[in-house]
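First comes the structure, then the notes that go with it.
Lettering follows sequence order; numbering is per chain, from 1. In this text the structure is predicted, and so the values were computed from the model without any measurement.
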Amino acid sequence: MSYDHQKIEVEARKKWAGLSLYECNLTDDSKEPYYLLCEFPYPSGDLHTGHWYAFAVTDIYARMLRARGKNVLFPIGFDAFGLPAENAAIRNGVDPAKWTLANIERMKAQLNAMGVSFDWSKEVVACDPSYYHWTQWLFIKLFEHELAERREAPVKWCPKDQTVLANEQVIDGHCERCGTEVEEKRLTQWFLKITQYAERLLKNLETLPWREEIKEAQRAWIGKSGGAYLDFEVRAKSGHRMSTLGSIRVFTTRPDTLYGATYLVLAPEHPLVQEITSSKFEIPNKDQIEKYINETKKKTERGRSENKEKTGVKLEGVVAVNPATKEEIPVYLADYVLNSYGTGAIMAVPAHDERDYEFAKKFDLPIREVIEPLFIKMIGSDAVRPELPLVERRAVVAVVKHATEEKYLVLKWKKNDWQGFVVGGIDDGEDAIATGIREVHEETGYKHLRFVKNIGGRIHSQFYHEVKQQNRYAHFDVVYFELIDEARDEISEEEKALHEVVWIAKEEVSKHVASDEDMAFIWERLQTSDLYTGDGILSNSGEFTGRDSEEAMWDIVAAVGGERTTNYRLRDWLVSRQRYWGCPIPIVYDPQGTPHAVPAEHLPWLLPTDVDFTPTGSAPLASSMELKERVTGLFGEGWTPEYDTLDTFVDSSWYFTRYLDPKDSQKFSDPAMMKKWLPVKRYSGGSEHTTMHLLYARFFTMALYDLSLVPVEEPFEERYNRGIILGPDGAKMSKSKGNVINPDELVGKYGADAVRVYLAFIGPYNEPGSYPWNLDGVVSTRRFLDRVARLVGRAEGPPMSKHGPRAKDIGGPHMDVGLTMSHIERALAQAAKKVAEDGDRFKFNTGIAALMSLLNELEKAKQVSKQAVRDLVIMLAPFAPHLAEHLWAKLAEGESPDASDASRESVHQQPWPTYEPALLVSELATVVVQVGGKRRGEITLAPDASEAEALEAALALPAVSTALADKQPSRTIYVPGRILNLVP
RNA sequence: GCCCAGGUGGCGUAAUGGUAAACGCGCAAGAUUGAGGUUCUUGUGGAGCAAUCCGUGGAGGUUCAAGUCCUCUCCUGGGCACCA
């Protein structure tokens, strides 16, 4: 027997509509407030699986919290400005407003069909003038406090469509609509100064109880790096002499490598480039430079980084002076340097930076090593012993290649298992090559070596020398030899006893030297390049040579008059959009072109409707006569409107405050309600909003907090990112793959409740995983709901009022043996606890599992009290709201209506089942008996049985005595109610 | 390349350091049924007749005891990415 989901869904919704169950009374102080928030959707018109997952599952928690006595605010609205409406207008000539509002109506109906308990009385719609009135008002507040400003910035421009493109409309550097190559154009645009808040946005993350990965993503996005500004004098040729032209300021995180800076690189957009090329100075390759700058302009910043091959051009006739070495070094333009980060200029240190290295190799620039690696052994038997002094030694590592084969010489030390290349101390007056030859001869007998090269510079190593029993601080030269022939002298017995000489094939060497960090480093360096990007000991660095690079870094900055500073990857937030369907920027310009905020009495600053959407090369609002006339009428001749609209992320940066006072025409929100309800207790959303939306909303709140407009600095106390639902094939759902599951179809077939329960049951909600959609899963959750319906059908027992006897008091003679009423009571208590607790952690999958277990117990019982079934239905109600409502009514059939329950007509008004805490402690516990950690049996005891009792019971088990072989355990570990481990 | 999160039956997954696989799907056998479906019962990690042994990506380690803690490693997913 199966319930008729379509019928009961319609009936339930009819009932709820009459009761206004979900409307939150914001001013009710009798209950604890709980603000549960879902990201408001874009009204695309279709509710897809992702929406179901986002809203239906979060709704379970909203309903659960209401049952548990909280005053729950669970609002919803629409993020209704945005590109799709405008695209529809361009394609089909429909009015974006009409298109959007029609979609909203359709989505509302779909949302209600999910059985979601949103409080529609708080609804906000971002494109409604009553909402964007306050988006504009808040923007003006930011403008008045100089947190919004105008600046020139590039936009992506499609020359064929004559239109500005949003970043997401640029596919691989081409226009998504016509495929034309995208160009960059500079326009004066509005920015919000989020960078001023970079440090606070970063700092506050420490105190937010969010998942580490969400915080980490935000940290990466903010991208803080400490470093210094250093100034390089620039000289250029004028006539026959070089004369000073000024200085170039660079930003570097590695001022310790300054002595290795062998050239400078400027971003092609760097202001000095313009200055130099247009000045009287002689730049022989001016044409070449201009050509390069133009080529760069065509590329988007993205395109510049996609082409990994380094490009650039030398600024001929210009040199810079390295402030440390006083050397003249060349200056290049290259697009691997971005004008928007740091100062748009870098000092290039090819020996210690990967990108500079690549560039230097390509343009044949000098590579000067100034950092030598230092290895300090921290673990193992050769770890430095802190109590002993360090003994410094000059030494050599000799890497020797076999004469005829691709094999390398490795020594295996017998005493301590160490293996590596030949190592030896340099004697007085000896050079590294001679030392290498001598050591190889002494230790291996080979006598004909050909010196090939030094590998990199010196390396330094601190370790404990086990044979010599002292701490060593060795400074190694690394020399590479090839064997000329295999001629070999006999080696001394003494050396033979120390180590074994082996030849290792090239591929195997890394395995043999892996255990020793410096040997592994040497081998790696021989195989690849002489690039080293780590810290270490300074070399070739004048007075700083020999010092630790990290420790000497700020002294070097001071010595050249540099300035310590911090840089952020985060850029100011560009909010101007050359679009129609967005919030108009409430700014007008006076005849001199100075921007002024539209006075508050003229807000909302309405979006004009007489607009031509056909792309003409200027912003759509520029075509509105009404807007022009409005401005002239209000402010006078010569005044002009701002034609850009705001990024939709601005709309969504404050909507959660509007829910607290959605209809207010006097202020953006109510201060008392904000004080009571903010921050949002739990914010449920998608991981795609981890950086942009979440960071923007945090910035907005922080800025408004500073302006005393909101009472909290951080808007969201908890943030839960949901996983994603994949297609049945395990791939991301997409129309082109044909693996899209349409929820409507399943809802029609199995009912909204079965789909809700399935989505909740599929896995933990708040983990970043992804779950393939499995059709059988919906069938199985429907089966579970059918079983509950059947159980209600056979429920018996005396009618129970709220104040009547609890189930345990009415046990009586018809109980099944072993399934006493108290057994059922226990099962109910455990479920009530677990479902609530798992709900708090958004682990609805195990919550449902607990309900299924409870159902299994109730089904096993021959007689089930109505009270027990009622409790089950109440706990099921958040998951399957329609069915629970139906079953609740069925359970009440034939009972005389109790006056005191008039307000509890719906199952969704019922309190969560309560239970005696004592019921959670079972009478008997199964204790596992282990012998030596292996399971040998189990005993059943009272949960608080003593160790002696447990031991006695355990020793009575044959398997235990066999395993003990009649010996007494030397030790016993007893965890009451869990385990008894006997250690022989 | 760098950073983060994960790897557990045929599948989704569950396990405060304490019986690995709860709950469900699938599968198998049986009961009910005129048949199919539904429903119900039982079984279901691997090897073995059994006692028992082996099992949480792999290799080590800590512990009386490790899926869980530590080290290394491989794989998958996500974020960032020429950010100086």
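- Around CD of A:E688, the count of heavy atoms belonging to other residues, nucleotides or ligands within 6.0 Å exceeds 12.
- Side chain of A:V983, nearest nucleotide from B:rC82, B:rC64, B:rA15: B:rC64.
- Both the sub-6.0 Å distance and the 45° axial angle are satisfied by A:R564 relative to the ring of A:W554.
- Comparing A:P764 and A:N981 by the nucleotide of RNA chain B whose heavy atom lies nearest to each, the residue mapping closer to the 5' end is A:P764.
- Counting non-hydrogen atoms of neighbouring residues, nucleotides and ligands closer than 6.0 angstrom, the CD atom of A:E550 reaches no more than 12 such neighbours.
- Nucleotide B:rA50: unpaired (no Watson-Crick or G-U wobble partner with both distances less than 3.5 Å).
- Within 4.0 Å (heavy atoms only), A:N856 reaches sugar-phosphate atoms of the nucleic acid but no base atom.
- Straight-line distance from the CG atom of A:N845 to the P atom of B:rU13: 9 Å, rounded to whole Å.
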Next item on the list: Tell me, with the steps shown, if A:R571 and A:S340 meet side-chain hydrogen bond (donor to acceptor under 3.5 Å, both in side chains).
Entry: CA-CA 8 Å; A:R571 312 291 159 84; A:S340 50; 2.6 Å; yes
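- Residue-to-nucleotide contacts include no donor-acceptor pair under 3.5 Å from the side chain of A:D776 to the base of B:rC25.
- Contacts of A:F761 with the nucleic acid, taken as non-hydrogen atoms under 4.0 Å apart, include base atoms.
- At the heavy-atom level, A:R783 lies under 4.0 Å from the strands shown only through sugar-phosphate atoms.
- When distances run from any side-chain atom of A:R971 to the nucleotides B:rC23, B:rA5, B:rC64, the shortest one goes to B:rC64.
- A:I222 places its CD1 atom 18 Å from the P atom of B:rG79, with the value rounded to the nearest Å.
- Note on A:E216: only backbone sugar-phosphate atoms sit closer than 4.0 angstrom, heavy atoms only; bases stay farther off.
- Remark: A:K843 is in phosphate contact with B:rA15, judged by side-chain N or O atoms under 4.0 Å from OP1 or OP2.
- Contacts of A:K215 with the nucleic acid, taken as non-hydrogen atoms under 4.0 Å apart, are absent.
- Look at B:rG79: its glycosidic torsion is beyond 90° from 0, and that puts it in the anti range.
- Under the 6.0 Å distance and 45° angle rule, A:K310 does not count as a cation-pi partner of A:F359.
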Return the polar atom pairs (N/O with N/O) between nucleotides 52-62 of chain B and the protein under 3.5 Å, or none.
residue: B:rC53; atom: OP1; partner: A:R936; partner atom: NH2; Å: 3.4

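- Taking the six-membered ring wherever Trp is involved, the centroid distance between the rings of A:F879 and A:F761 does not fall below 6.0 Å.
- Figure legend. B:rA14 is base-paired to no nucleotide; pairs are counted as Watson-Crick or G-U wobble with both atom distances under 3.5 Å.
- Between A:N774 and A:V975, the residue whose closest nucleotide on RNA chain B is further toward the 5' end is A:V975.
- Residues A:F363 and A:Y332 bring their aromatic ring centres within 6.0 Å.
- Between the CZ atom of A:R219 and the P atom of B:rC80 there is a distance of 16 Å, given to the nearest Å.
- Distance NE2 (A:H270) to C1' (B:rA84): 13 Å, rounded to an integer number of Å.
- Looking at A:R978, its side chain comes within 3.5 Å of the base of B:rU16 through a donor and an acceptor atom.
- A salt bridge is defined here as a Lys NZ or Arg NE, NH1 or NH2 lying under 4.0 Å from an Asp or Glu carboxylate O, and A:R782 with A:D786 meets this definition.
- Look at A:T781 and you won't find any side-chain N or O under 4.0 angstrom from OP1 or OP2 of B:rG24.
- Residue A:Q930 is in base contact, counting any heavy-atom pair closer than 4.0 Å across all strands shown.
- Across every strand in view, B:rA28 sits in a pair with B:rU42 that passes the Watson-Crick or G-U test at under 3.5 angstrom.
- Per the geometry, CD belonging to A:E767 stands 13 Å off P belonging to B:rU8, to the nearest Å.
- Taking only side-chain nitrogens and oxygens, A:Y771 never comes nearer than 4.0 Å to OP1 or OP2 of B:rG12.
- Searching all strands for a Watson-Crick or G-U wobble partner of B:rA81 with both distances below 3.5 Å returns nothing.
- Across all strands shown, A:T690 has no heavy atoms under 4.0 Å from either base or sugar-phosphate atoms.
- With B:rA15, B:rA5, B:rU19 as the candidates, the nucleotide lying closest to the side chain of A:E213 is B:rA5.
- Between the CZ atom of A:F844 and the C1' atom of B:rU13 there is a distance of 17 Å, given to the nearest Å.
- When rounded to the nearest whole Å, the span between CZ of A:R571 and P of B:rA84 equals 10 Å.
- Pairing of B:rU62, defined by two Watson-Crick or G-U wobble distances under 3.5 Å, is not identified with any nucleotide.
- The main-chain N or O of A:I725 is never found under 3.5 Å from a side-chain atom of A:S770 such that the two would form a donor-acceptor pair.
- The nearest whole Å value for the distance from the CZ atom in A:R569 to the C1' atom in B:rC82 is 13 Å.
- Taking a pair to require two hydrogen-bonding distances under 3.5 Å in either a Watson-Crick or a G-U wobble arrangement, B:rU76 pairs with B:rA5.
- Within 4.0 Å of A:I973, counting heavy atoms only, lies at least one base atom of the nucleic acid.
- Note: A:W773 and A:Y758 meet the aromatic proximity criterion, with ring centroids under 6.0 Å apart.
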